[in-house]
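One structure is given below, encoded as structure tokens.
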Amino acid sequence: MNKYRTHTCGELNQSHKGDKIILSGWINKKRDHGNLLFIDLRDNYGLTQCVIDKDNVIFKEIEKLPLETVIKIEGKVIERTKETVNKKIETGQIEISIENFESLGSTKELPMPVFSDQEYAEEIRLKYRFLDLRRKKIHQNIILRSKVISFIRSEMQKFGFLEFQTPILTSSSPEGARDFLVPSRLNPGKFYALPQAPQQFKQLIMVSGFDKYFQIAPCFRDEDARADRSPGEFYQLDIEMSFVEQEDIFNIVEKLFINLFKNFSDKKILHEKFPKISYEDAMLKYGSDKPDLRNPLIISDITKIFYREDIKFEIFKKLVKSGSVVRCLVTKNTKDKPRSFFDGIDKWAKEQGSSGLAYFTLEKNDTISGKGPVGKFFSEDSILEIMKQTKAEIGDTILLSCGKQHDVEKILSQTRAKLANELNLIDDNCFSFCWVVDYPIFEIDEVSNKIIFSHNPFSMPQGDINNIDLSKPLNLKAYQYDIVCNGIELSSGAIRNHIPELMYKLFEIAGYSKNNVDENFSGMINALSYGAPPHGGIAPGLDRIVMLLADEKNIREVTMFPMNQNAQDLMMNAPSNVSDQQLKELNLAIRKKS
RNA sequence: GGGGGUGUAGCUCAGUUGGUUAGAGCACGUGCCUGUCACGCACGGGGCCGAGGGUUCGAGUCCCUUCACUCCCGCCA
């Protein structure tokens, strides 16, 4: 209790009847009857209706206050009559009879209303974020975020993890995303980089013997934004453990996630033991390494069928002979969908940059046949074979894509999501987690045609580490894994490669010489040479976890002060120009645009 | 870097085939109203129709250019 309030706006009820109280908060809403005025007073904790009539000398004054003025109200708690109780708010059993008030903070005309469930343009919301954050939904989202972080901290500590901070100013690394750079005043011409993740530090923490580490870690990547990706910065629950195998990490993370999601959401968790899907399987069955398992549609490879004589689909057959694959999706019982539906899907697929989708619906009269634009190319026998391989039944529709494997995977993955959406196949009231495992260490870069690391260069190859066959690098799998929930990639992690000699060999395959590695990863490689424990970890994205729990589609809805798509903070005017003096101290010159 | 969508009052939006004075709700101002909780009623102020150029007798509306925001692709080990 102080001079501003005896209670909050969310706590008064009949038990306070007759009490003299003081509340402070914002004027959320006024209902002015001329001789009787209702004010809904709002603070972080709730709403309380306050009432005053014209007999009070301050009536005229308080009547004039605009919405969102901050006021202090002194008054008495009155029990409402039965007819006037408001069941929609916590304090609806009572109201405050206003005896006196004081304006604590006046307001200019509002650029956006606070009391409204309407959607507003992003620009105005970000510029006046402090107003936007007063609004109920986003206010609750931010509170949820805080509670989620507290919960995670307490769980991790219970599991025996220690929380450490790692440097924000560190060195640039050649692998991965574009770095944010910070010029060094004391070392002219040199730059720090903000960490893309505390990857090397967390491994160094293990080498230092701390055994189990976690951190709610800020990560900085200078890449373009998406709805589920903030520009600039985001947070990870960074975890690393010593003397562990992949399965140990899985156990900890599954426990944490099940507790977390059960605690903060009523949605059903489909598999409490997260299914494990190999990268290869995921790419085949879902066309993506972040499959939404709520979606029942599965992709099948039917390339081989196109070698049959009794299929006359010459375009596909020709492509298959030159190395293309044919894969398909099956929609159940869609025989009554109008032709325009599937033509629309085909048209959409072409707009996504693919060569389109062929389709036919399985029909049975005297014989089984394919109905639709390309159905006539398939004999009854060939259709039976397709039905066998895809488990399709009469009345189902087969949608086919033919092309390079990578392109087919991509378009069928998108089609899978689109069809599920349009056919309403996804139960939005559940969470479906899975592990994607067995990632390849290397892949071929499409542009340069060279072998590059497909994910993390620090991951441990699978197999006997004393005797790994490096002759076919593209076949090498890593102890590398992702958690996916409802089609959203929540995190990736790995058992790390803690053996310098092996690391040099892998880097060599990706085109880095020993000197090169020594230079770029000196901190890591040096540390690993002085008795490093086997270790591994993972780093779930915190913002995306909160997004799922808050049931939001956009990451800015769970971020307090986000930047816009062009990485600008409209409220603080960042980034901004700096003085010549500052530039001079940093030995920097701005190059004029040509 | 590329593609899509949007841009009209402080906010959310409508605006017909190109037609004379650009509308509504909320907010704001004035007045009326003693039980509302999205209070109600009346009146009022408020607009470079994102910007620039063009077509036309005439452009919020059609064309071109450009800017801003947003979604997607590229990118994000």
Side-chain angles (χ1 to χ4, degrees), chain A residues 28-41 47-56 59 63-64 66-68 78 80-89 91-92 95 97 107-128 131-132 135 173-179 196-197 199-200 219-232 234 348 351-354 410-411 414 439-443 445-447 452-459 478 480 482 489 492-494 507 510 521 539 541 553-554 556 564-566 568 570:
Chain A
N28 192 58
K29 190 73 188 158
K30 289 190 297 183
R31 289 173 295 282
D32 189 351
H33 293 231
N35 294 317
L36 178 73
L37 170 70
F38 296 100
I39 287 181
D40 291 340
L41 198 67
L47 274 182
T48 302
Q49 173 167 282
C50 306
V51 63
I52 187 169
D53 72 19
K54 69 166 192 291
D55 296 338
N56 193 318
F59 182 82
E63 192 186 24
K64 282 199 163 54
L67 301 184
E68 294 307 309
I78 308 284
R80 297 202 202 184
T81 61
K82 254 186 198 151
E83 308 80 62
T84 59
V85 163
N86 183 354
K87 285 178 186 147
K88 286 188 232 163
I89 58 173
T91 60
E95 63 191 6
S97 170
T107 176
K108 297 198 280 189
E109 187 174 347
L110 296 172
M112 58 175 285
V114 170
F115 173 72
S116 172
D117 292 330
Q118 258 174 349
E119 307 262 356
Y120 301 106
E122 202 79 29
E123 202 174 354
I124 199 100
R125 293 183 59 192
L126 294 183
K127 185 166 180 191
Y128 297 95
L131 287 179
D132 192 36
R135 297 168 66 218
S173 77
E175 282 282 325
R178 201 176 289 114
D179 283 319
Q196 297 176 22
Q199 178 65 37
Q200 296 193 51
C219 305
F220 305 90
R221 295 177 192 175
D222 189 4
E223 297 294 350
D224 290 349
R226 288 287 183 278
D228 64 350
R229 211 164 78 199
S230 291
F234 62 98
W348 164 86
E351 282 164 8
Q352 305 307 306
S354 84
K410 194 174 148 198
I411 190 61
Q414 290 174 295
Y439 276 81
I441 293 186
F442 298 108
E443 63 186 23
D445 184 78
E446 280 185 15
V447 183
I452 55 169
F453 284 107
S454 61
H455 285 82
N456 185 325
F458 304 117
S459 300
Q480 160 110 35
D482 277 13
E489 183 190 324
S492 63
F507 267 103
F521 305 99
K553 298 262 181 298
N554 193 303
R556 290 185 297 273
N564 70 6
Q565 197 169 48
N566 293 323
Q568 299 159 338
L570 299 176

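Order of the sequence lines fixes the chain letters, A, B, ..., with proteins taken first and strands second; residue numbering starts at 1 for each chain. What you see is a predicted model, and the numbers here were worked out from it, not measured in a lab.
Put simply, the side chain of A:Arg221 and the base of B:C75 share no donor and acceptor less than 3.5 Å apart. Judged by distance alone, with hydrogens and angles left aside, A:Glu119 brings no side-chain donor or acceptor close enough to the base of B:U12 to form a pair under 3.5 Å.
In this model, no donor atom of one side chain and acceptor atom of the other lie less than 3.5 Å apart for A:Tyr439 and A:Asn456. Between A:Gln480 and A:Ser459, the side chains place a donor N or O and an acceptor N or O closer than 3.5 Å (distance only, hydrogens not considered).
Comparing A:Val85 and A:Ala197, the nucleotide of RNA chain B nearest to each residue sits closer to the 5' end for A:Val85.
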What's touching nucleotides 24-31 of chain B from the protein side, N or O pairs under 3.5 Å?
{"residue": "B:A27", "atom": "OP1", "partner": "A:Lys29", "partner atom": "NZ", "Å": "3.1"}

Shorter than 3.5 Å, N or O on both sides, protein versus nucleotides 67-70 of chain B: list them out with atom names.
{"residue": "B:A68", "atom": "O2'", "partner": "A:Glu123", "partner atom": "OE2", "Å": "3.4"}
{"residue": "B:C69", "atom": "OP1", "partner": "A:Asn564", "partner atom": "ND2", "Å": "3.1"}
{"residue": "B:C69", "atom": "OP1", "partner": "A:Asn566", "partner atom": "ND2", "Å": "3.4"}
{"residue": "B:C69", "atom": "OP1", "partner": "A:Gln568", "partner atom": "OE1", "Å": "3.0"}
{"residue": "B:C69", "atom": "OP2", "partner": "A:Asn566", "partner atom": "ND2", "Å": "2.5"}
{"residue": "B:U70", "atom": "OP1", "partner": "A:Gln565", "partner atom": "N", "Å": "3.3"}
{"residue": "B:U70", "atom": "OP2", "partner": "A:Gln565", "partner atom": "N", "Å": "3.2"}
{"residue": "B:U70", "atom": "O3'", "partner": "A:Arg556", "partner atom": "NH2", "Å": "3.3"}

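Atoms CD (A:Gln414) and P (B:C73) sit 7 Å apart, rounded to a whole Å. Distance, A:Ile89 CD1 to B:U36 C1': 12 Å, rounded to whole Å. The CZ atom of A:Phe59 sits 10 Å away from the C1' atom of B:C33 (whole-angstrom rounding). If you measure from atom CZ of A:Phe234 to atom C1' of B:C75, you get 14 Å, rounded to the nearest angstrom.
Among the protein residues, A:Pro457 comes within range of the nucleic acid bases, having at least one heavy atom under 4.0 Å from a base atom. No contact: A:Leu37 has no heavy atom under 4.0 Å from any strand. A:Ser116 comes within contact range of no nucleotide atom at all, as no heavy-atom separation falls under 4.0 Å. Base engagement by A:Phe38 is indicated by at least one non-hydrogen atom pair under 4.0 Å involving a base atom.
For B:C75, the OP1/OP2 oxygens have no side-chain nitrogen or oxygen of A:Arg229 closer than 4.0 Å. Applying the 4.0 Å criterion to OP1 and OP2 of B:U36, one finds that A:Arg31 has every side-chain N and O outside that range.
Here A:His33 does not lie in a stacked arrangement on the base of B:U36, lacking the combination of planes under 30° and ring centres under 5.5 Å apart.
Taking the six-membered ring where tryptophan is involved, the planes of A:Phe507 and A:Phe521 are tilted, since the angle between them lies from 30° to 60°.
Of the C1' atoms belonging to B:A9 and B:G5, the separation is 24 Å, rounded to the nearest Å.
Salt bridge A:Arg125/A:Asp132: present, at least one basic N to carboxylate O contact under 4.0 Å.
By the side-chain hydrogen bond (donor to acceptor under 3.5 Å, both in side chains) test, A:Glu489 is found to be paired with no residue, residues two or more places apart in sequence or in another chain being considered. Under the rule for a side-chain hydrogen bond (donor to acceptor under 3.5 Å, both in side chains), A:Asn56 has no partner lying at least two apart in sequence or in another chain. Remark: A:Gln49 engages A:Arg31, A:Glu95 in a side-chain hydrogen bond (donor to acceptor under 3.5 Å, both in side chains) (not counting sequence neighbours). Looking at residues two or more places apart in sequence or on another chain, you find no side-chain hydrogen bond (donor to acceptor under 3.5 Å, both in side chains) involving A:Asn86.
A donor-acceptor contact shorter than 3.5 Å links the side chain of A:Arg221 to the backbone of A:Gln196.
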